[in-house]
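Below: one structure, written as structure tokens.
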Amino acid sequence: MAAIASLQAIHLKLGRRGSIRCGIAEPSGEPAPIGQKTRYNDGLAERVFMGLFARKMDKFGGSKKKIEMKEKEFWEYDYESFVAVSKRVMQGRSRTQQQEVVREVLLSMLPPGAPEQFRKLFPPTKWAAEFNAALTVPFFHWLVGPSQVIEVEVNGVKQRSGVRIKKCRYLENSGCVGMCVNMCKIPTQDFFTNEFGLPLTMNPNFEDMSCEMIYGQVPPAFEEDPATKQPCLADICSIANPSSPICPKLQP
């Protein structure tokens with residue numbers, strides 16, 4: 001999900017009180033191998049964030065389950081219900097409509113003037129890019145799984161403003177290329193680049209479900225992005241169309 005963009009400002013305050021982390025329940029402490037679903041131990045804080053986003057997204061879901069979801073408290077949500085809401089939002093919407101829904105949700109979660117304040121605190125500098133990369137790792141473990149800061153090259157300059165997500169939890173649980181691109185990658189890139197003024201590029205790897213985030217790098221146009229030309233993950237996507245060369249959710 002593109003939750004990273006809206007929660008970044010929130011976590012600037014929470015960070016002063018300590019990191020919010022959840023843990024992988026696998027014996028190795030690492031994501032499960034490809035083909036196996038990683039088990040997580042989500043704490044109260046993680047479930048509250050899942051519930052917060054699920055409720056915001058569900059306003060656009062158009063599902064009969066809305067009443068059931070409104071009866072839940074924030075902490076009663078789990079990751080599966082969070083992803084299920086995303087799937088309902090995706091149904092019946094074009095790729096641009098999906099992206100606009102996520103943008104509206106992100107904006108609704110920010111206090112008035114937050115984008116402007118972010119631009120003042122984090123102008124597009126090397127330091128701002130590296131600082132936001134460092135924030136992403138501890139604060140968004142619950143959303144995308146374990147990650148680490150890596151060195152990348154931006155405009156010919158080497159800097160530690162990259163984040164490598166080992167196995168994206170959102171992609172792993174949704175199994176959908178279209179959801180990854182339309183409801184996470186593109187909205188998050190656009191939000192940071194256009195609303196916050198700090199360029200961000202996300203490069204998902206659909207073979208091993210890893211992802212590389214590069215703060216400070218301007219994202220490519222949709223038509224030029226390799227991620228927008230990916231076929232369905234037919235083995236794990238419940239709505240896959242194996243006969244299509246490109247995931248139908250990526251088409252106009």
Side-chain angles (χ1 to χ4, degrees), residues 1-21 44-62 66 69-70 72-77 81-82 85-86 88-90 93-144 161 163 170 179 182-202 213-219:
M1 259 297 295
I4 290 176
S6 65
L7 286 183
Q8 202 85 307
I10 297 174
H11 283 314
L12 288 175
K13 295 181 179 179
L14 292 178
R16 301 188 186 104
R17 304 172 191 172
S19 297
I20 294 179
R21 298 292 296 273
L44 176 60
E46 291 79 39
R47 294 197 300 274
V48 167
F49 282 129
M50 293 171 196
L52 179 62
F53 274 93
R55 283 192 175 187
K56 290 283 187 179
M57 292 288 289
D58 195 52
K59 293 181 180 179
F60 300 89
K66 276 189 175 183
M69 296 193 70
K70 287 182 179 179
K72 286 183 178 182
E73 300 294 344
F74 286 117
W75 54 86
E76 294 178 318
Y77 287 83
S81 61
F82 165 68
V85 174
S86 299
R88 291 202 298 274
V89 169
M90 177 181 67
R93 286 185 170 87
S94 67
R95 74 187 189 208
T96 54
Q97 289 172 332
Q98 294 170 48
Q99 294 162 18
E100 182 57 27
V101 166
V102 177
R103 178 180 177 276
E104 289 186 34
V105 170
L106 294 177
L107 285 173
S108 73
M109 297 188 67
L110 292 173
E116 293 78 7
Q117 188 62 30
F118 189 97
R119 286 172 177 266
K120 291 180 181 179
L121 290 172
F122 303 109
T125 63
K126 176 183 176 182
W127 175 86
E130 292 184 333
F131 185 74
N132 277 273
L135 280 181
T136 299
V137 172
F139 291 138
F140 295 95
H141 185 103
W142 69 273
L143 179 63
V144 297
S161 66
V163 175
Y170 190 67
M179 283 180 65
N182 294 333
M183 302 191 72
C184 179
K185 171 183 162 62
I186 299 298
T188 304
Q189 288 180 167
D190 287 349
F191 209 81
F192 268 96
T193 303
N194 300 320
E195 300 292 339
F196 283 167
L198 180 63
L200 170 66
T201 296
M202 298 178 68
M213 303 175 66
I214 306 177
Y215 288 95
Q217 184 176 89
V218 176

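- The line from CD of E104 to NZ of K56 is 11.5 Å long, rounded to the nearest 0.5 Å.
- The CZ atom of F49 sits 8.0 Å away from atom CE of M109, with the distance rounded to the nearest 0.5 Å.
- Taking all atoms of both residues into account, the shortest heavy-atom contact from K185 to Q189 is NZ-OE1, 2.7 Å.
- The two residues P123 and A128 have their closest heavy-atom pair at O-CB, 3.0 Å.
- The CD1 atom of I186 sits 14.5 Å away from atom CZ of R103, with the distance rounded to the nearest 0.5 Å.
- Atom OH of Y215 is separated from atom CZ of F122 by 10.5 Å, given to the nearest 0.5 angstrom.
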Handout entry: Residues D58, R88; criterion side chain to side chain contact (heavy atoms under 4.5 Å, CB included); working and verdict
Key = CA-CA 8 Å; D58 195 52; R88 291 202 298 274; 2.9 Å; yes
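- Looking at Q99, R93, R95 one by one, the single match for side chain to side chain donor-acceptor pair (under 3.5 Å) with N182 turns out to be Q99.
- Side-chain atoms of Q217 and P199, non-hydrogen and from C-beta on, never get closer than 4.5 Å to each other.
- Atom CE of M213 sits about 9.0 Å away from atom CG of N132, to the nearest 0.5 Å.
- Using modelled atom types, one side-chain atom of R119 and one backbone atom of E195 make a donor-acceptor pair closer than 3.5 Å.
- Shown here for M183 and Y170, the closest heavy-atom pair between the two residues is CB-OH, 3.9 Å.
- Counting heavy atoms from C-beta on, the side chains of L110 and F118 never come closer than 4.5 Å.
- Nearest heavy atom pair, residue M202 against residue C184, reads CE-SG, 4.1 Å.
- In terms of heavy-atom proximity, W142 sits nearest to E46 at CB-CG, 3.3 Å.
- When each of L143, V102, L106 is paired with F53, the side-chain contact (heavy atoms from CB on, under 4.5 Å) condition holds for L106 and for no other.
- A donor-acceptor pair is defined here as one N or O able to donate and one able to accept, closer than 3.5 Å; such a pair exists between the side chain of T193 and the backbone of L200.
- Summarising the geometry, atom CZ belonging to F131 is positioned 12.0 Å from atom CG belonging to L198; distances are rounded to the nearest 0.5 Å.
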